[in-house]
Undergrad: 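Sharing a structure, written as structure tokens. Questions coming.
All residue numbers in this chain count up from 1 along the given sequence.
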Amino acid sequence: MTRSPSRQGLSEAPFGSGHHRGDPAPEVDPESVSHLASVAGGRRFLQFTQRKSSLMADPSATAEAVRSLIDAFSLEMTGKDVPGLLEAKDTIPPRTKVNITFLGNEDLDMRIAAAKAVRELGFVAVPHISARRLASRAQLEQFLSRLRDVGATEHVFVVGGDPATPEGPYEDSYDVIRTGLLPDYGVKEVSIAGYPEGHPNIPNEVLWRALEEKSSSLAQQGLNATILTQFAFDTDPVLGWIEDVRTRGIRSTIRIGTPGPAGIKRLIGFARRFGIGANAMIVQKYGFSLTNLLGTAGPDRFVTDLALLLNDSSAGVSYGSINLHFYTFGGLRATSVWAREFLAVES
């Protein structure tokens with residue numbers, strides 16, 4: 001069957017790309033990092049900035065806002081990150097959701113072993129299913145069956161995957177979802193991808209149509225949905241996008257992709273590669289400068305500002321259930337320790 005151009009290439013990168021502490025950072029020239037973020041919500045951020053001092057005047061309210069956003073955070077690891085998970089296990093809260101990527105350089109046994117390790121350590125495994133990496137329906141069923149054997153099918157994240165050309169019958173994540181196979185293997189909740197700043201290769205109308213199609217199909221199958229987003233440095237397009245999601249009648253929990261603490265050059269390299277807004281003004285607001293790529297940066301300001309925005313009653317918006325999903329570019333332990341210490345400070 002020939003696909004329409006609007007659906008070809010819906011690979012949903014970088015979800016499942018698996019960049020982590022052991023990978024080299026992408027090369028980056030700070031002067032070439034372009035600002036790809038939406039500017040539609042600029043006025044909203046200006047208005048929020050004008051109110052921010054009064055919102056932060058009540059430390060207890062600020063602490064509660066941050067706690068409600070960060071308390072149920074989730075993490076991401078690759079199949080090769082089991083040693084890192086063991087290193088971090090005592091710093092990660094019990095029952096934390098841990099996403100496990102589906103990479104081309106890992107095999108089935110490695111993915112299953114990672115999901116099993118997550119479960120055995122008392123966390124909730126969220127294996128990725130990469131549509132474009134599946135060679136056949138039989139391979140999809142084999143993966144789901146093996147996950148079920150280790151008790152790791154209740155939560156999954158279905159993504160398009162990185163290959164430019166599908167390796168089998170599934171062009172995108174919607175193709176996997178609409179097979180109807182997921183409930184047969186014990187799946188109860190499916191995460192799907194969201195793009196607050198758009199996608200460098202996919203028109204916004206295609207992204208919105210895909211989100212609506214997947215949400216509708218999951219609801220028809222009696223499956224819960226969670227939207228997990230690409231990471232961002234700027235709260236403004238994130239808030240605007242959440243409002244657009246809710247305006248479309250989609251009430252699913254949204255997990256906002258957030259970089260864990262990592263080297264600045266590394267963060268900028270990923271932003272450049274994945275089309276994340278990272279001009280001088282945005283990264284300064286986030287907490288670092290394009291003129292100094294040494295050292296590390298954490299999401300302290302981003303998380304605090306996002307929490308305050310979500311709890312700003314004067315905005316007159318009901319944002320629904322919002323949590324954080326940390327991309328562990330600097331390692332699982334560094335991210336989980338940051339979250340624990342940040343909550344302690346805010347408390």
Undergrad: Would you confirm whether Thr101, through its side chain, and Leu103, through its main-chain N or O, come within 3.5 Å as a donor-acceptor pair?
TA: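 Not a single qualifying donor-acceptor pair exists.
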
Undergrad: Do side-chain atoms of Arg119 reach the backbone of Phe123 as a donor and acceptor pair under 3.5 angstrom?
TA: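 Looks like no, no N/O pair under 3.5 Å.
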
Undergrad: Parallel, tilted or perpendicular, judged at 30° and 60°: which one describes the rings of Phe231 and Phe233?
TA: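 Perpendicular, since the angle between the ring planes exceeds 60°.
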
Undergrad: For the pair Asp172 (side chain) and Asp175 (backbone), establish whether a donor and an acceptor sit closer than 3.5 Å, ignoring hydrogens and angles.
TA: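 A pair under 3.5 Å: yes.
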
Undergrad: Check the angle between the aromatic planes of Trp208 and Trp241 and answer parallel, tilted or perpendicular using the 30° and 60° thresholds.
TA: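 It falls in the parallel class, under 30°.
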
Undergrad: Side chains of Thr253 and Ser321: any donor to acceptor distance under 3.5 Å?
TA: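 Checked: Ser321/Thr253 side chains pair up, N/O donor to acceptor below 3.5 Å.
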
Undergrad: In chain order, what residues pass the salt bridge (Lys or Arg N to Asp or Glu O under 4.0 Å) check against Arg248, with sequence neighbours excluded?
TA: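 Result, salt bridge (Lys or Arg N to Asp or Glu O under 4.0 Å) vs Arg248: Glu212.
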
Undergrad: Check this for me: does any side-chain nitrogen of one of Glu167 and Arg132 sit under 4.0 Å from a carboxylate oxygen of the other?
TA: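 Here Glu167 does not pair with Arg132 in a salt bridge, since their nearest N and O are not under 4.0 Å apart.
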
Undergrad: Out of the candidates Arg146, Glu141, Glu154, Arg148, only one should pair with Tyr185 under the side-chain hydrogen bond (donor to acceptor under 3.5 Å, both in side chains) rule; please name it.
TA: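 Exactly one pass, corresponding to Glu141.
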
Undergrad: Looking just at side-chain N and O atoms, do Arg255 and Ser74 make a donor-acceptor pair shorter than 3.5 Å?
TA: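 Present: a donor and an acceptor within the cut-off.
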
Undergrad: I'd like to check Ile242 versus Ile256 (side-chain heavy atoms, cut-off strictly below 4.5 Å). Are they in contact?
TA: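 A side-chain contact exists here, since the closest heavy-atom pair is under 4.5 Å.
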
Undergrad: Looking only at atom types and distance, does a side-chain atom of Thr179 sit under 3.5 Å from a main-chain N or O of Val176, one as donor and one as acceptor?
TA: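 Yes, Thr179 side chain to Val176 backbone: donor-acceptor pair under 3.5 Å.
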
Undergrad: Which word best sums up how the rings of Tyr327 and His325 line up, parallel for under 30°, tilted for 30 to 60°, or perpendicular for over 60°?
TA: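 Perpendicular: the ring planes of Tyr327 and His325 meet at over 60°.
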
